Amino acid sequence: MIKVIAFSNQKGGVGKTTSAVNIGAYLASQGKRVLLIDLDPQANMTKGLGIEEPEISIYGVLLGEQKIKAFPIRENLVLVPGSYGMSSFEKVKGDDLDKEFLLKEVIDPLKPKFDFILLDCPPALGLITINALAAADQVYIPLEAQIFGVDGLNKVLEIVEKVRKRINPKLEIGGVFFTRYNDRKILARDTADDLRELLKNKVLKTTIRENVALQEAPSLGKDVFTYAPDSHGARDYAKLTEEILQK
Ligand SMILES: Nc1ncnc2c1ncn2[C@@H]1O[C@H](COP(=O)(O)OP(=O)(O)OP(=O)(O)O)[C@@H](O)[C@H]1O
Ligand SMILES: [Mg+2]
């Protein structure tokens with residue numbers, strides 16, 4: 001069964017894009033057909049996969065001005081690019097009656113072609129993220145395992161609850177997971193333990209370690225499995241994805 005998964009957290013730099021890219025790449029390596037959609041006006045996912053100045057973007061598609069096109073990344077993995085224009089989405093579409101459902105309408109007809117559709121959200125909980133949550137089956141929340149990293153978690157959980165009540169009753173929290181993890185730092189270990197207590201089995205067992213290959217891969221337009229298949233980053237994302245597949 002096809003699964004649409006959103007990666008969301010209003011805090012910036014916690015690993016949303018890195019996770020969506022590398023989870024997508026691992027799924028593709030296991031023979032799953034995967035579509036990535038870059039919803040962030042920063043377009044980090046698009047740039048990080050080596051797509052420069054694409055002729056269409058998800059913004060144009062959402063406005064109804066462009067026909068959707070997915071760019072090949074590797075076998076089984078394709079991307080619908082993002083664009084800076086997306087920063088106007090809320091201003092341009094904010095008064096539309098169906099404003100929360102524009103992405104869902106784009107995604108629904110694509111579902112027969114894919115096993116997974118992964119949505120990379122911007123670091124904000126505005127209309128773009130609401131569109132992602134309205135279209136998703138599950139949301140995963142990456143957290144940096146520092147005290148400030150978990151600060152905004154309640155806000156994300158609140159929005160998910162609201163969307164579930166009013167817009168998308170089937171939306172589930174797939175889980176939260178720690179990125180840039182360094183278990184030598186006491187603070188990180190305490191934060192992880194506290195959160196496990198609070199959210200129980202919603203905290204994934206796998207943590208993503210701080211790893212330089214994860215940082216370098218996007219500057220070469222690659223996922224970590226292509227760039228450094230033996231790195232900790234590749235191993236951690238493989239393990240995390242296996243855990244997600246059990247959900
Ligand atoms: N486990 C890791 N080890 C080392 N560097 C990492 C790791 N995860 C992410 N990074 C780096 O940290 C930065 C932020 O990661 P990323 O872009 O995935 O976060 P984000 O949540 O998508 O950020 P934004 O909110 O701005 O979209 C990037 O430079 C990325 O390469
Ligand atoms: Mg990002």
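Counting starts at 1 for both ligands and their atoms, in listed order. Residue numbers start at 1 and run along the sequence shown. Since the model is a prediction, treat every value here as computed from it, not as a measurement.
- With hydrogens and angles ignored, the 3.5 Å screen pairs no side-chain donor or acceptor of Gln10 with any backbone N or O of Leu125.
- Those atoms of ligand 1 that come under 4.0 Å of a heavy atom in Leu214, given as number and element, are 1 (N), 2 (C), 31 (O).
- Using a distance-only test at 3.5 Å, with no hydrogens or angles considered, a donor-acceptor pair links the side chain of Asp38 to the main chain of Asp40.
- For atom 28 (C) of ligand 1, the nearest protein heavy atom lies 4.0 Å or farther away.
- You'll find the side chain of Asn76 stays beyond 4.5 Å of the side chain of Lys32, heavy atoms only.
- In this structure, the protein non-hydrogen atom closest to atom 17 (O) of ligand 1 is Thr17 CB, 4.0 Å.
- Taking distance alone, with nitrogen or oxygen atoms compared against 3.5 Å, Gly15 approaches ligand 1 more closely than that limit.
- In the hydrophobic cluster analysis, where Ile, Leu, Val, Met, Phe, Trp and Tyr join through side-chain heavy atoms closer than 4.5 angstrom, Tyr181 is grouped apart from Val212.
- Aromatic ring orientation, Phe7 versus Phe177: perpendicular (interplanar angle above 60°, classes split at 30° and 60°).
- Contact atoms of ligand 1 toward Pro123: 25 (O) (distance under 4.0 Å to a heavy atom of the residue).
- Of the N and O atoms on the side chains of Asn44 and Thr17, not one donor lies less than 3.5 Å from an acceptor on the other residue.
- Each of the following atoms of ligand 1 lies closer than 4.0 Å to a heavy atom of Val14: 19 (O), 20 (P), 21 (O).
- Listed by number with element, the atoms of ligand 1 under 4.0 Å from a non-hydrogen atom of Asp40 are 27 (O).
- In terms of polar-atom proximity, defined here as any N/O pair under 3.5 Å, Gln42 does make such a contact with ligand 1.
- Follow the hydrophobic side-chain contacts under 4.5 Å out from Phe114 and you reach Ile37 in the same cluster.
- Closest to atom 24 (P) of ligand 1 among all protein heavy atoms lies Gly13 N, 3.5 Å.
- Among the backbone and side-chain atoms of Thr17, an N/O/S atom is found under 2.8 Å from the Mg ion (ligand 2).
- The protein non-hydrogen atom at the shortest distance from atom 18 (O) of ligand 1 is Thr18 OG1, 2.5 Å.
- A donor-acceptor pair under 3.5 Å is absent between the side-chain atoms of Asp98 and the main chain of Phe101, judged by distance alone.
- Nearest to atom 25 (O) of ligand 1 by heavy-atom distance, out of Arg180, Lys16, Gln10, is Lys16.
- Closest to atom 4 (C) of ligand 1, if we only count protein heavy atoms, is Asn211 O, 3.2 Å.
- Considering backbone and side-chain N/O atoms, Val212 never comes within less than 3.5 Å of an N/O atom of ligand 1.
- A heavy-atom separation below 4.0 Å is not found between Thr179 and ligand 1.
- Set against the non-hydrogen atoms of Gly12, the atoms of ligand 1 under 4.0 Å away are 25 (O).
- More than 12 non-hydrogen atoms from other residues, nucleotides or ligands lie less than 6.0 angstrom from NZ of Lys47.
- When hydrogens are left out, the protein atom nearest atom 31 (O) of ligand 1 is Gln215 CA, 3.4 Å; that is the closest non-hydrogen contact.
- Geometrically, ligand 1 and Arg209 share a nitrogen or oxygen pair separated by less than 3.5 Å.
- Every atom of ligand 1 with a heavy atom of Ile208 under 4.0 Å away is listed here by number and element: 1 (N).
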- When you look at Asp137 and Lys3, which way does the salt bridge (charged side-chain N to carboxylate O under 4.0 Å, His left out) test go after all the steps? CA-CA 6 Å; Asp137 301 303; Lys3 247 187 205 167; over 6 Å; no
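- The CG atom of Leu118 sits 10.5 Å away from atom CD of Gln138, with the distance rounded to the nearest 0.5 Å.
- Glu242 and Tyr26 share a donor-acceptor pair across their side chains, judged by distance under 3.5 Å alone.
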